[in-house]
Amino acid sequence: MARAQQNPTFSHPMALIVHKYGGTSMGSTERIGNVAKRVAKWARAGHQMVVVPSAMSGETNRLLALAKELAPAKPTADYSRELDMLAATGEQASSALLAIALQAEGLGSVSYAGWQVPIRTNSAYTKARIESIDDKRVRADLAKGKVVIVTGFQGMDEHGNITTLGRGGSDTSAVAVAAAMKAKECLIYTDVDGVYTTDPRVVPEARRLRTVSFEEMLEMASLGSKVLQIRSVEFAGKYRVPLRVLSSFTPWDIPIDEEAGSGTLITFEEDENMEQAIVSGIAFNRDEAKISVLGVPDTPGIAYQILGPIAEANIDVDVIIQNLSKDGKTDFSFTVHRNDYARAIDLLREQVMHRLGSKDIVGDAKICKVSIVGIGMRSHVGVASRMFRVLSEEGINIQMISTSEIKTSVVIDEKYMELAVRALHKAFDLDQVPADTLSQS
Ligand code: ADP
Ligand code: ASP
Ligand code: MG
């Protein structure tokens, strides 16, 4: 990959830069003040700045918990439109506060809600997808020398309803704005100083990756590494947005070039001369639940008859396993998001169980999925079996397995998650080899 991309220089004036600040980075008025000082530093260096903030930390959870207090456990009505009206206020507040802080710093600044830009999305409330962004208004303000704040996490559908993009969606807002405006770089400021070999909260020995390939980042995000929302990585890939994850907790006044070269850069081109680690990272996800349909006939079409109604109810299915059949009967298991668990079981009991003559539907919400990820897995055999050996040495039972070219995932009992992640991290030498050499030319 081009060296210029690894060591960007930002001393050339008038680049358009997008900054995104997460909830912890925006977590108090003092922190918002620091964000304003950092953004002002970039603006005073001559850059056109668009800033996408998340809600202050805890605010989205607080708002959604209020709704839960009022809604019955098994709602008959669909509240999702109102949930989006509600949750979107978190980002509206933080954006306005940041604009005020920037004005207090002596800079011209204006904040816009998603619908004011507008950022247009489809109507899938609580998990809407961005369809287009009109950048006229933002560009006009930038041309007047203003710093423009665009709320993260939200947009507007074709009927003028406010929508939100799914938890962690401000990352996606930032990358989408950067893509639409052809920004020089999109910098995702967060509470860690980059993308690590695994979540440093779970494995303190985890190491920061100076670069990570787009494909690995996509897998890690989809397998549970919450440092970037998966759709933000998809956008970055589709539009080749230069994307970097870095800390918002460095002193705000460090030199811009030092700041711009810190953190983790997502790279798009593979360097063939690069020394490639076999496994670059470990991801885990506690958000899934397992469902088993017991004693169904082992005949063609069975998977469709079970999963068809699940798909029609808009429930995503992840890992699937069908056991060996005995006397023409088999057990069929799959995982869904925990939020969909109760609904999926109800639906199977109502629509599938009797029709297929199933003995019972059983479930387990106390599972987790642990995955090893690395483009080096393409060219090495035996990586999955090494993973299985490590888990067996720890006495951890594997319930389900799923693989792709650059990842292997296992579903295990939730209570062994940290043990499994730590053991794998050590076994694949992720705490010993300086991560900097993993995918660094
Ligand atoms: P923000 O509010 O800035 O969007 P998030 O909480 O969404 O921040 O994401 C940052 C968090 O992601 C970190 O605090 C860390 O605990 C977690 N995380 C999970 N996996 C990783 C990883 N591989 N590298 C870095 N952070 C990770
Ligand atoms: N505030 C939203 C959330 O908590 C979006 C984000 O932070 O990215 O999920
Ligand atoms: Mg986030």
Side-chain angles (χ1 to χ4, degrees), residues 19-27 31 35 52-65 83-84 86-95 114 126-128 130 150-155 163-177 186-212 216-233 244-249 263-264 266 279-287 370-374 417-418 421 424-425 430-431 435 438:
H19 281 193
K20 179 258 170 178
Y21 291 90
T24 316
S25 312
M26 297 290 293
R31 289 190 179 161
V35 167
V52 178
S54 289
M56 294 171 78
S57 57
E59 179 63 3
T60 312
N61 286 346
R62 188 186 73 83
L63 292 165
L64 295 177
L83 291 178
D84 281 359
L86 177 68
T89 62
E91 270 70 11
Q92 191 171 326
S94 62
S95 294
T126 75
K127 47 184 170 193
I130 295 178
V150 175
T151 48
F153 184 49
Q154 59 180 267
T163 54
T164 67
L165 309 179
R167 298 307 303 267
S170 299
D171 297 330
T172 303
S173 309
V175 178
V177 167
C186 180
L187 301 171
I188 306 283
Y189 289 84
T190 183
D191 56 5
V192 276
D193 63 354
V195 179
Y196 276 64
T197 47
T198 193
D199 189 339
R201 285 178 210 253
V202 170
V203 182
E205 298 80 23
R207 306 181 75 102
R208 178 171 62 85
L209 297 157
R210 274 213 198 156
T211 65
V212 62
E216 287 169 325
M217 195 62 241
L218 197 62
E219 284 285 9
M220 283 177 64
S222 85
L223 296 167
S225 299
K226 298 207 164 88
V227 62
L228 285 177
Q229 197 200 37
I230 179 157
R231 282 189 195 155
S232 70
V233 188
R244 184 179 288 274
V245 177
L246 67 169
S247 172
S248 69
F249 292 130
T264 301
I266 317 306
V279 171
S280 299
I282 298 175
F284 51 85
N285 181 359
R286 289 177 240 241
D287 294 341
V370 175
S371 310
I372 54 173
V373 175
M417 193 196 81
E418 298 196 355
V421 174
L424 291 166
H425 196 265
L430 292 178
D431 42 4
L438 293 185

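Computed from a predicted structure; not experimentally measured. Atoms within each ligand, like the ligands themselves, are counted from 1 in listed order.
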With heavy-atom distances below 4.0 Å as the criterion, list the atoms of ligand 2 near Glu91.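 By the 4.0 Å cutoff, the relevant atoms are 1 (N), 2 (C), 5 (C).
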Which atoms of ligand 2 are found less than 4.0 Å from any heavy atom of Gly168?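 Under 4.0 Å from Gly168, ligand 2 has these atoms: 3 (C), 5 (C), 6 (C), 8 (O), 9 (O).
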Write out the protein residues near ligand 1, meaning a non-hydrogen atom under 4.0 Å from one of its atoms, in order of chain and number.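 Correct list: Lys20, Gly22, Gly23, Thr190, Asp191, Val192, Gly194, Val195, Tyr196, Thr198, Asp199, Pro200, Arg201, Met220, Ser225, Lys226, Val227.
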Could you check whether any heavy atom of [X] sits closer than 4.0 Å to an atom of ligand 2, since that is the contact criterion I want to use?
{"X": "Gly23", "result": "no"}
{"X": "Gly90", "result": "no"}
{"X": "Glu59", "result": "no"}

Going by an N to O cut-off under 4.0 Å, is there a salt bridge joining Arg201 and Asp191?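 The answer is yes: the pair qualifies as a salt bridge.
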Would you call Asp287-Arg167 a salt bridge at under 4.0 Å N-O?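 So Asp287 does not pair with Arg167 through a salt bridge.
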In terms of residue, atom name and distance, what is the protein heavy atom nearest to atom 9 (O) of ligand 2?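 Result: Arg167 NE, 2.7 Å.
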What residue and atom, counting heavy atoms only, is the protein's closest point to atom 7 (O) of ligand 2, and at what distance?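 Going atom by atom, the protein heavy atom closest to atom 7 (O) of ligand 2 ends up being Ser54 OG, 3.1 Å.
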Beyond-backbone contact of Ile188 with Leu228, side-chain heavy atoms, under 4.5 angstrom: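 Yes, at least one pair of side-chain atoms sits under 4.5 Å.
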For Glu418, salt bridge (charged side-chain N to carboxylate O under 4.0 Å, His left out) partners two or more places apart: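 Result, salt bridge (charged side-chain N to carboxylate O under 4.0 Å, His left out) vs Glu418: Arg422.
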Going by the angle between their ring planes, with limits at 30° and 60°, are Tyr21 and Tyr189 parallel, tilted or perpendicular?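 Parallel.
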List for me each residue that meets side-chain hydrogen bond (donor to acceptor under 3.5 Å, both in side chains) alongside Glu59, sequence neighbours excluded, and say none if there are none.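 Expected list: Arg62.
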Ring pair (Phe, Tyr, Trp, His ring centres under 6.0 Å) partners for Tyr196, two or more places apart: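 Once residues adjacent in sequence are excluded, Tyr196 has no partner under the ring pair (Phe, Tyr, Trp, His ring centres under 6.0 Å) criterion.
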Assess the residue pair Leu218 and Ile230 against the criterion (side chain to side chain contact (heavy atoms under 4.5 Å, CB included)); give the C-alpha distance rounded to whole Å, side-chain angles, the decisive distance to 0.1 Å, and a yes or no. CA-CA 6 Å; Leu218 197 62; Ile230 179 157; 4.1 Å; yes
Using a distance-only test with no angle check, is there a side-chain donor-acceptor pair under 3.5 angstrom linking Thr164 and Asp84?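 Per modelled atom types, Thr164 and Asp84 side chains form a pair under 3.5 Å.
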